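Here the structure comes first, spelled out in structure tokens, and everything after it is commentary.
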There are 2 protein chains.
Amino acid sequence: MNDKPIPDIVIGRLPRYLQALEHMLEQGYAVTSSKELGEQIGISAAQIRKDLSQYGEFGKQGKGYSVPFLVTQLKQILKVDRIWDMALIGAGNLGKAIANYQGFTEHGFRVALIFDSDPQKVGQVIHQIPVLHTSTMIETIQSHHIKIAMLTVPAQVAQSVTNQLIQAGIKAILNYAPITLSVPEDVHVQYVDPIIHLQRMTYYLD
Amino acid sequence: MNDKPIPDIVIGRLPRYLQALEHMLEQGYAVTSSKELGEQIGISAAQIRKDLSQYGEFGKQGKGYSVPFLVTQLKQILKVDRIWDMALIGAGNLGKAIANYQGFTEHGFRVALIFDSDPQKVGQVIHQIPVLHTSTMIETIQSHHIKIAMLTVPAQVAQSVTNQLIQAGIKAILNYAPITLSVPEDVHVQYVDPIIHLQRMTYYLD
DNA sequence: ATATGTGAAATCTTTCACAGCG
DNA sequence: CGCTGTGAAAGATTTCACATAT
């Protein structure tokens, strides 16, 4: 039981564990082991045990881990044992596809607000949510106490929209724009960029 | 000048460097430094110098790096100095959005083939490309010598489709299905999963 | 004066290997 | 016996700091 912060690299693996365990749960597994889970997701058994041991003793020696129990624990650790409302900024093709993605709702993430700066898009209803103009963004996000935003605006405006999001009290940004965002250190950013992933793989191709 | 393979963690940063440098190029920068580039993308100057030095001496002491030269070099290193044809498997909402995404073409990635198992989708034309039935997938991919696939099928069938892709000679998979794929070690997989990213951030929220 | 390229040092991460418990 | 939890060891990665070049 340490009081040092747990490395971010460990946090990054927890959602993968949760994903695999939820899959096992659907398949009716009652119990699993670090070895079995590791084989499923391509991570060593020792690493899984070490990662989990940062948070408590969830397993039983000689037996393994209870799948439903571990799912519950991981959800608590990751704070996904609740519903998170999110704001979506950018109602273009990508934004629309994201607003309609079922996976978010299934995992407790709800698109609550949608914004766009194009007057033609404002007033449209996407996935039952009306598109609002960005001029009302800061105060609307504030009044809804929303902490998570998804950014699907063009790269040229991504940083200035981000600055507004920070003013609005947003603390986590899922950024689909192909640009590195500059944010204060209490704001978290994750990047979704297929080009970056593809370029990382072509390196290894002939 | 080493002959050990360069760590994958270094490869993973190169596309970020390229992205920032292309951005600088558009803005008309002729020269940059490891310090300037590092501030742009939140990576230390020393790390950038060390990473680049794995591939050669691209900079000039006292001066910095020529932006256009470094862009050219990085494109060669990452093998994105050419056009890559790709196969898209899964013509649902997400697949359609991806097929229409301009960013791929702009970076030399071309969606050349689209497959789906749903007879209703077969024959549809998406972004000027006809949707083919998955029964013809293996031979069609082989005859086009395509090495990269994007997977936007439901999780339940992702592994079996992957097995077919491997038979077809695919060596790189960009996987949008929320499941870890099992592949031989000469096949590369990258994951695009917004839920995983969101869960990684909620950990840090109150 | 300024910024690279790079060994050496520091730090971080993973794996090992085994005591201990069910 | 089997599998966890965990210190210690090994390995990988990052940072430091400076000789060197322009």
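Letters go in sequence order (proteins before strands), and every chain restarts at 1. Being a predicted model, the structure only gives us computed values, none of them experimental.
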Separation of D:dT4 atom C1' from A:K63 atom NZ, nearest Å, is 13 Å

Taken to the nearest whole Å, NZ/A:K35 to P/C:dC16 is 14 Å

| Taking it one step at a time, do A:N163 and A:Q159 satisfy side-chain hydrogen bond (donor to acceptor under 3.5 Å, both in side chains)? | CA-CA 6 Å; A:N163 297 344; A:Q159 183 62 56; 2.8 Å; yes

Taken to the nearest whole Å, CD/A:E36 to C1'/D:dG2 is 14 Å

Sugar-phosphate only, base, or nothing, as touched by A:K50 at under 4.0 Å among non-hydrogen atoms
base

One should read off an interatomic distance between A:R16 CZ and B:Q199 CD, to the nearest 0.5 angstrom, of 11.5 Å

Is it the case that atom CG in B:D8 sees more than 12 heavy atoms from other parts of the structure closer than 6.0 Å? yes

Rounded to the nearest 0.5 Å, the CG atom of A:L78 sits from the OG1 atom of B:T202 at a distance of 6.0 Å

Side-chain atoms of B:S53 come closest, of C:dG5, C:dC21, D:dT6, to C:dG5

Separation of D:dC3 atom P from A:L37 atom CG, nearest Å, is 14 Å

Practice problem: Taking only the side-chain nitrogens and oxygens of A:R13, find out if one of them lies under 4.0 Å from OP1 or OP2 of C:dT14. | Solution: yes

Checking D:dT4, C:dC16, C:dT6 against the side chain of A:A46 (C-beta onward), the nearest is C:dC16

Separation of C:dT11 atom P from A:K4 atom NZ, nearest Å, is 13 Å

Quick note, A:Q61 side chain, CB onward, closest among D:dT13, C:dG20, C:dA17 is C:dG20

Touch check for A:L52, heavy atoms < 4.0 angstrom, all strands: base, sugar-phosphate only, or nothing?
-> nothing

Between CD1 of B:I48 and C1' of D:dT13 the distance, given in whole Å, is 15 Å

Picking from C:dT4, C:dT14, D:dT4, the nucleotide nearest the side-chain atoms of B:Y65 would be C:dT4

Here the distance between atom C1' of D:dT20 and atom NZ of B:K60, to the nearest Å, is 15 Å

task = Please check the phosphate of D:dG5 (OP1 and OP2 only) for any side-chain N or O of A:R49 closer than 4.0 Å.
result = no

Whichever of A:G62 and A:Q47 has the more 5' nearest nucleotide on DNA chain C, that residue is A:Q47

Across all chains, not counting sequence neighbours, the ring-ring contact (aromatic ring centres under 6.0 Å, His included) partners of B:F58 are none

Rounded to whole Å, CG of B:D8 lies from P of D:dA12 at a distance of 13 Å

From the candidates C:dA3, D:dT15, C:dG5, the one with an atom nearest any side-chain atom of B:S33 is C:dA3

Whichever of A:G64 and B:I9 has the more 5' nearest nucleotide on DNA chain D, that residue is A:G64

Phosphate OP1/OP2 of C:dT4: any B:S34 side-chain N/O under 4.0 Å
yes

